[in-house]
Amino acid sequence: MADELVHYDVTGGVATITLDSPHNRNALSAQLRRELSDGLERAIADDAVRVVVLTHTGSVFCAGMDLKEARGAGSSDQGVNEFPAILERIWTSPKPVVARLAGPARAGGVGIVAAADIAVASDNATFAFSEVRLGLIPAIISVTVLPRLTPRAAHELFLTGDVFDAERAAVIGLINAAVPAEELDATVERYVRSLAHGGPVALASTKELLQGESGREMPKAFAEMLATSSRFFASEEGQEGITAFGEKRKPSWVPEA
């Protein structure tokens, strides 16, 4: 049996779910997706859990979908098909979810950050919606990301795929705070303590209130974006982008200098 890629621990009413696949930058492989889903379900079902913390080992929080698995797969076989359920579970969890980032997030990893109720990153973390540079589109993650970002920032960063730092991520609403690395754990702990003071039923109901109509429309939005995303993953352009990434070269559509 393969070693687990996601660890689960409960201490003092806090369920900590740790992505531990540093060899591929915590990419969302089939095994990691399955174990992450299982961890979320365990936390939500456990009455003793008051707050969920999503964190990671290694230097990267999450690099997005595992492109090695996406290469050559048809639209119905793409791992991205399972991703909406993960984002929706984080977004609609009756228990507050805190994302702790000590390193970069890309593409689907940014979607996870946006789905969390509170996100804290060390100031050396970076972010990017890298999909367009692979011939893909940030369709699925748009459901959780767009409610967080300012419109101007969303247009710029979705279309360019440029990398941006944690300070800017905080300014545009993607994360709550960018802090020095040595202050990261203390800042996360401060948020966790504050959340734990809320009544569990009140917190769950307040999350529903905050989500409003967007929460009720989320399943439909994910279904629409999933059809688009999986089609792009399997498309000629998407497969060229994924192949070029694996071969560490520029995709064929990039003009010669």
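Note that this is a predicted model, so its numbers are computed, not measured. What you see below is based on every heavy atom in this structure, not just the backbone, and it leaves out hydrogens, waters and symmetry mates.
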Whether [X] side chain and [Y] backbone form a donor-acceptor pair below 3.5 Å:
| X | Y | answer |
| --- | --- | --- |
| E82 | A30 | no |
| S229 | L226 | no |
| N26 | S21 | yes |
| Q239 | R71 | no |
| E208 | T92 | no |
| Q31 | D3 | yes |
| R25 | A63 | no |

Could you name each residue pair satisfying side-chain hydrogen bond (donor to acceptor under 3.5 Å, both in side chains) that touches [range], not counting sequence neighbours?
| range | answer |
| --- | --- |
| residues 176-196 | R100-D185 |
| residues 108-120 | D117-K207 |
| residues 142-155 | none |

Distance-only polar pair, side chains of [X] and [Y], donor-acceptor under 3.5 Å:
| X | Y | value |
| --- | --- | --- |
| S122 | N124 | yes |
| T126 | R106 | yes |
| T16 | D9 | no |

Is [Y] close to [X] at the side-chain level, that is, under 4.5 Å between some pair of heavy atoms?
| X | Y | result |
| --- | --- | --- |
| V98 | L54 | no |
| F233 | L67 | yes |
| V145 | F158 | yes |
| I90 | I112 | yes |
| R50 | P200 | yes |
| L157 | F127 | no |
| V14 | V53 | yes |

Q | Rounded distance (nearest 0.5 Å) linking atom CG of L5 with atom CG of L32 | A | 5.5 Å

Q. So F61 and H56, would you call those rings parallel, tilted or perpendicular, with 30° and 60° as cut-offs?
A.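 Because their plane-to-plane angle is over 60°, the rings of F61 and H56 count as perpendicular.
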
**Q.** Audit row: L195, I118, side-chain contact (heavy atoms from CB on, under 4.5 Å) steps and yes/no
**A.** CA-CA 10 Å; L195 292 166; I118 291 174; 4.0 Å; yes

Q | E35 with R42: basic N within carboxylate O range, under 4.0 Å | A |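 No.
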
Q) Just wondering, are more than 12 heavy atoms of other shown residues or ligands nearer than 6.0 Å to CZ in F245? A)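 Count not over threshold, so no.
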
Q) By side chain to side chain donor-acceptor pair (under 3.5 Å), which residues pair with K95, not counting sequence neighbours? A) none

**Q.** From CA spacing to verdict: side-chain contact (heavy atoms from CB on, under 4.5 Å), C62, L28
**A.** CA-CA 7 Å; C62 178; L28 294 161; 3.7 Å; yes

Side-chain donor/acceptor pairs under 3.5 Å, residues 129-139, sequence neighbours excluded:
| unit_1 | atom_1 | unit_2 | atom_2 | d |
| --- | --- | --- | --- | --- |
| R133 | NE | T160 | O | 2.9 |
| R133 | NH2 | T160 | O | 3.0 |
| R133 | NH2 | D162 | OD1 | 2.5 |

(Q) Between V6 and I17, is the side-chain contact (heavy atoms from CB on, under 4.5 Å) condition met? List the steps. (A) CA-CA 7 Å; V6 177; I17 300 175; 3.5 Å; yes

(Q) Once side chain to side chain contact (heavy atoms under 4.5 Å, CB included) is applied, do any residues pair with S37, and if so which ones, sequence neighbours excluded? (A) I86

